[in-house]
Amino acid sequence: MAKVIVYDEYTNRLFTYNLSENDPMPYAYGNTMRVREFRGSSNSPTLWTTTRAMEAWNLTRRRYGKGIYIGYAFKRIWEGGHGTASQHYAGVSFDVGQNVSYSQRVAIRNAAVATGAWGYVEPISMTPTCAFRPPLRYSRAAAPRRATPPCGAAAAAPMC
């Protein structure tokens, strides 16, 4: 079981869900992302995300039009990833496409860019197939014009 906390930036409320690893993530349409995919290799009993990040996922998944492998979307800084560098997976970034071909990664990346919903999409030149550096990373969903970050723009997650 995982406790999943979702911050709804439109209503400024937190929603808490107690879910099994095979349950769909809240706000992910259909069964396009399960808790176990979102968690990845994190051992945390509590996971968190935002409605904005999940909406960006939904837009990307719909635009791409088929399943997207998710390596992980949640890691705490001490659980690996970029070592001592900025850890930006904590629920608002998605490392995807580690097990697909170069042309499929390009198509996924193009879909993510075309949505306009992400604050950062890693350049294709930085997306090798090496397992140590995940091939495609979407970082932080872009703020909709009507939304105001809860603690001001300076409190937003760092981007690569």
Tell me the salt bridge (charged side-chain N to carboxylate O under 4.0 Å, His left out) pairs involving residues 18-29, sequence neighbours left out?
-> E21-R39
Within the distance-only criterion (no hydrogens, no angle test), does the side chain of R13 pair as donor or acceptor with the backbone N or O of D8 below 3.5 angstrom?
-> no
Would you give the length of the straight line joining atom CG of N99 to atom CD of Q104, rounded to the nearest 0.5 angstrom?
-> 8.5 Å
Give the minimum heavy-atom separation between V121 and A112, together with the two atoms involved.
-> CG2-CB, 4.0 Å
Can T60 and F94 be said to form a side chain to side chain contact (heavy atoms under 4.5 Å, CB included), step by step?
-> CA-CA 11 Å; T60 303; F94 300 82; over 6 Å; no
So, do Y7 and N12 sit near enough that their side-chain heavy atoms are less than 4.5 Å apart?
-> yes
Across all chains, not counting sequence neighbours, the side chain to side chain donor-acceptor pair (under 3.5 Å) partners of N18 are none
With respect to I68, which candidate in R61, E37, M33 satisfies the side chain to side chain contact (heavy atoms under 4.5 Å, CB included) definition?
-> R61
Taking every heavy atom of A114 against every heavy atom of R63, the minimum-distance pair comes out as CB-CD, 3.4 Å
Over all atoms of both residues, closest heavy-atom pair of A107 and Y64 = CB-CE1, 3.7 Å
Are Y69 and V35 in one and the same hydrophobic cluster, where Ile, Leu, Val, Met, Phe, Trp and Tyr link if side-chain heavy atoms are under 4.5 Å apart?
-> no
Closest non-hydrogen atoms of T49 and A53, given as atom of the first, atom of the second and distance, are OG1-CB, 3.7 Å
Of the non-hydrogen atoms in P24 and L19, which two are nearest, and what is the gap between them?
-> O-CD1, 4.0 Å
To the nearest 0.5 Å, tell me how far L47 CG sits from K3 NZ.
-> 11.0 Å
Following the transitive rule for hydrophobic clusters with a side-chain heavy-atom cut-off under 4.5 Å over Ile, Leu, Val, Met, Phe, Trp and Tyr, establish whether F38 and M1 coincide in one cluster.
-> no
Atom OG1 in T115, atom CG in N58: separation rounded to 0.5 Å?
-> 11.0 Å
side-chain hydrogen bond (donor to acceptor under 3.5 Å, both in side chains) test vs E55 passes for just one of Y10, Y27, Y29, namely Y10
Is the closest side-chain heavy-atom distance between V96 and W57 below 4.5 Å?
-> yes
